[in-house]
Amino acid sequence: AQIILLTDQWRSPIDKYAKYCFSSNIEAPSAWDSSIATMLLLESFIAKVQERNWPETKERIEQIEDMFDRTKFFRKFS
């Protein structure tokens, strides 16, 4: 397996083991950092992998979604 690291501008110590490292610059007017930039990177990667592998993964994703629907694990709140 290869490690792909998504991290903040200070970089995780895992950086030295990662094949690829994507750092996002985070500035927030608060005492803690926002994870929005890192989540955007992560969701972009997931979308591209899903797009490239959709013929192979479509059935599995549909099974997972069906399981969530049946178990109400992720309930929709109205």
Side-chain angles (χ1 to χ4, degrees):
Q2 295 179 353
I3 297 172
I4 300 172
L5 176 64
L6 298 145
T7 186
D8 56 24
Q9 67 262 29
W10 296 284
R11 292 184 173 257
S12 166
I14 304 288
D15 177 46
K16 60 186 164 197
Y17 304 106
K19 172 107 176 156
Y20 302 99
C21 180
F22 297 88
S23 298
S24 54
N25 194 7
I26 300 166
E27 286 189 35
S30 65
W32 61 89
D33 293 331
S34 172
S35 61
I36 291 173
T38 307
M39 288 299 296
L40 176 63
L41 277 172
L42 177 60
E43 290 194 20
S44 297
F45 277 104
I46 291 170
K48 190 59 177 179
V49 168
Q50 179 180 353
E51 177 185 308
R52 290 182 71 176
N53 297 325
W54 188 243
E56 294 86 17
T57 59
K58 181 179 185 286
E59 183 179 341
R60 179 68 180 137
I61 295 295
E62 289 172 346
Q63 289 173 350
I64 291 170
E65 289 175 350
D66 180 57
M67 179 183 63
F68 288 153
D69 289 344
R70 285 185 285 117
T71 62
K72 309 253 186 276
F73 188 74
F74 292 108
R75 291 185 210 134
K76 294 178 184 172
F77 296 101
S78 40

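One is the number of the first residue; the rest follow in order along the sequence.
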ask   = By side chain to side chain donor-acceptor pair (under 3.5 Å), which residues pair with Glu43, not counting sequence neighbours?
value = none

key: OH (Tyr17) with more than 12 external heavy atoms under 6.0 Å   = no

message = Is there a continuous path of hydrophobic side-chain contacts, each under 4.5 Å between heavy atoms, that joins Met39 to Trp10?
response = no

inquiry  = What's the separation between atom CE in Met67 and atom CZ in Arg70, rounded to the nearest 0.5 Å?
reply    = 8.0 Å

query = Do Ser23 and Asp8 pass the side-chain contact (heavy atoms from CB on, under 4.5 Å) test, and can you show the C-alpha distance, the side-chain angles, and the key distance before you say yes or no?
reply = CA-CA 5 Å; Ser23 298; Asp8 56 24; over 6 Å; no

query = Can you tell me how far the CG atom of Leu41 sits from the CD1 atom of Ile4, to the nearest 0.5 Å?
reply = 12.0 Å

message = Quick one, Asn53 and Glu56 - any side-chain contact, counting heavy atoms below 4.5 Å?
response = yes

inquiry  = Could you walk me through whether Phe22 and Thr38 satisfy the side-chain contact (heavy atoms from CB on, under 4.5 Å) test, starting with their C-alpha distance in whole Å, then the side-chain angles of each, then the deciding distance to 0.1 Å, before giving a yes or no?
reply    = CA-CA 9 Å; Phe22 297 88; Thr38 307; over 6 Å; no

message = Under a 3.5 Å distance rule, please check whether Asp69 uses its side chain to pair with a backbone N or O of Lys72 as donor and acceptor.
response = no

query = With Thr7, which residues qualify under side chain to side chain donor-acceptor pair (under 3.5 Å), at least two apart?
reply = none

Partner residues of Arg60 under the side chain to side chain donor-acceptor pair (under 3.5 Å) criterion, sequence neighbours left out = none

task = Could you walk me through whether Gln9 and Asn25 pass side-chain contact (heavy atoms from CB on, under 4.5 Å), step by step?
result = CA-CA 5 Å; Gln9 67 262 29; Asn25 194 7; 3.4 Å; yes

query = Does a side-chain heavy-atom distance below 4.5 Å link Ile61 with Trp54?
reply = yes

task = State, yes or no, whether a side-chain contact exists between Arg11 and Cys21 at a heavy-atom distance under 4.5 Å.
result = yes

key: Transitive ILVMFWY side-chain link Ile64 to Leu42, under 4.5 Å   = no

ask   = From Asp15 CG over to Tyr20 OH, what is the distance, rounded to the nearest 0.5 angstrom?
value = 14.0 Å

message = Quick check on Glu62: does its CD atom have over 12 non-hydrogen neighbours (other residues, nucleotides or ligands) under 6.0 Å away?
response = yes

inquiry  = For the OG atom of Ser35 and the CG atom of Leu6, what is their distance to the nearest 0.5 Å?
reply    = 12.0 Å

